[in-house]
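All values below come from the heavy atoms of this structure, side chains included, with hydrogens, waters and symmetry mates left out. Order of the sequence lines sets the chain letters (A, B, ...), proteins ahead of strands, with each chain counted from 1.
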There are 2 protein chains.
Amino acid sequence: VREELALAGWDGARIAVVPAEQVIAMSDSPVEALSKKKGSSIEVATRMVRTGTAAAVVSAGNTGACVAASSLLLGRLDAVKRPGIAVVFDTGKTPVVVIDVGANVHSKPEHLIQYGLMATIYAEEILGVTRPKVGLLNVGEEDEKGSNLAKTTHHLFQKTKLNFVGNVEGADIFGGDVEVVVCDGFVGNIVLKVSEGLAENLMAHAVAAIKQGLATLPDNKEIGPALKRAFASLEKRIDYSEYGGAPLLGVNGTVIIGHGRSDAKAISNAVRVAQRMAACDLNRRFTEALSSNSH
Amino acid sequence: VREELALAGWDGARIAVVPAEQVIAMSDSPVEALSKKKGSSIEVATRMVRTGTAAAVVSAGNTGACVAASSLLLGRLDAVKRPGIAVVFDTGKTPVVVIDVGANVHSKPEHLIQYGLMATIYAEEILGVTRPKVGLLNVGEEDEKGSNLAKTTHHLFQKTKLNFVGNVEGADIFGGDVEVVVCDGFVGNIVLKVSEGLAENLMAHAVAAIKQGLATLPDNKEIGPALKRAFASLEKRIDYSEYGGAPLLGVNGTVIIGHGRSDAKAISNAVRVAQRMAACDLNRRFTEALSSNSH
């Protein structure tokens, strides 16, 4: 690792390399791997946060193993019933925090209410949104729509002091009129992956269609670079790495789970977000807000 | 209506205009509106299918009212436990039937198994796919992943004779490696609307980014039209109207629910699909397959 860092221009400062003898693979079963592969990098990093040696975990590894290591080694904040993974979507108008995208596939109404509160504080403190509008992801905007979980949760949200704007539908995530979208981890994970898959599919086909469309034109050396610049700005918008990974909110420590494909920019953005989360003591804010019943 | 048809060039043939005195609005509560607004166009059309006066209902109205009218007036096929709405996505490689996208938000495992069977027959007969691969939408590919509903359903699918390929994730809908994706109506509705919202958002931003990128170039009158052609071919691919609406599978009649924004092409494609469904007696095929336990 030190050799690789040196190749990248590392001068030996600001990075400590800590041994970890095992690697949990993306395909490993999270809980099983944690107990069998003692001393994995995910476990070592999480232990360092537990003992206070490190301020945060930033991982681009197995999401389930990260969640399990956090739950086992850091535990939940006292007031939190279930941690949730938040992801920030860029709509072109406002960032939108979607929570939970996969930590908890058996959500109860009270879990979703807590997600709404934690994501509200995250949007305020980390994204700089004033009094974020909170929507409940559902199959229609009317109050009585949806599954039993959605109906009960809707009712509970109306009693909170959050800026709850009611049910929102799938398309509203990209509408820019809401800054927090709450859903259970099963739905949220599928929303995240549908978005990634569709964006990738559409961009690939857009590039192909445009290349084909311009192939009939007389040679113009400036079109190619101009289009490349245009797409770079677009890709930056749909690029998960811009927002620096997905924080696991509700655990007793700062944990950010990056995409398995994270590049240098994604990791450094994630580290920056982790620093801000630790600096503004987000977990204390969560605990106070959840305990005070003021939400 | 006759005046409008005449303006569009109607010669009086092949279309019968049947009076309907009420309109169920998009915002109406489906079941309530059906009982209060007697003689709505959705009810009249569905009754015509019930009596055999019409072969199919094609609607671009209130989805819930369509589902409710079909359930009340046509009823389910004997062997079917819950009807489901199917939608066809174009991946650029193969069409993918996603079912259910919102008829049934409280699905049980046996409903999902029946969806898988009906969508398989639909893909074979209407889309011309040989032995369609069926995937269960889930939060991971491993067998033991997901909600209790997903786990039980996975286990049941393995016992069928369908071409079940296991769990698929959100991104796999657009991967082109599976032709039928089964999920409960809550998740499916959100998947459909997330896809529509994201595609619209991305296309709008792609157009803006490209215009901006090309604005710096010296005037070239041919670039604009070439890009317009390129985007037209792309938009055709993400255009729901190409596949002619969403069939409601499992009711005792042929019912296609179009998008609220359906244009002439969408309606005429839906009518064509409805004709094919009726012509190949899809409902008899469903009943036979579900009754024979051969699936």
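Of the possible donor and acceptor atoms, one in the side chain of A:N201 sits under 3.5 Å from a partner among the backbone N and O of B:T91.
In this structure, the portions of B:N138 lying under 4.5 Å from any heavy atom of chain A include both its backbone and its side chain. In this structure, chain A has a heavy atom under 4.5 Å from the side chain of B:A150, while its backbone stays farther away.
Ranked by heavy-atom pairs shorter than 4.5 Å toward chain A, the options B:N189, B:D184, B:V139 are led by B:V139. Taking chain A as the reference chain and counting heavy-atom pairs below 4.5 Å, the highest number among B:G64, B:G140, B:G146 is found for B:G146.
Looking at A:L198, A:V191, A:L192, A:D172 one by one, the single match for side-chain contact (heavy atoms from CB on, under 4.5 Å) with B:V194 turns out to be A:V191.
For A:K151, the NZ atom sits in a packed shell: over 12 heavy atoms of surrounding residues, nucleotides or ligands are nearer than 6.0 Å.
Closest non-hydrogen pair, A:G197 versus B:A171, comes out as CA-CB, 3.8 Å.
One finds the OG atom of B:S29 at 9.5 Å from the CD atom of A:E144 (value rounded to the nearest 0.5 Å). We find the CD-OG distance between B:E141 and A:S27 to be 10.5 Å, quoted to the nearest 0.5 Å. One finds the CZ atom of B:F186 at 10.5 Å from the CG atom of A:N148 (value rounded to the nearest 0.5 Å). Atoms NZ and CD1, on A:K193 and B:I173 in that order, are 12.0 Å from each other to the nearest 0.5 Å.
Between B:F174 and A:L202, the closest side-chain pair of non-hydrogen atoms is not below 4.5 Å.
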Inset, instruction - Mind running side chain to side chain contact (heavy atoms under 4.5 Å, CB included) on B:S147 and A:H106 for me, showing each step along the way? - result: CA-CA 6 Å; B:S147 60; A:H106 290 118; 4.0 Å; yes
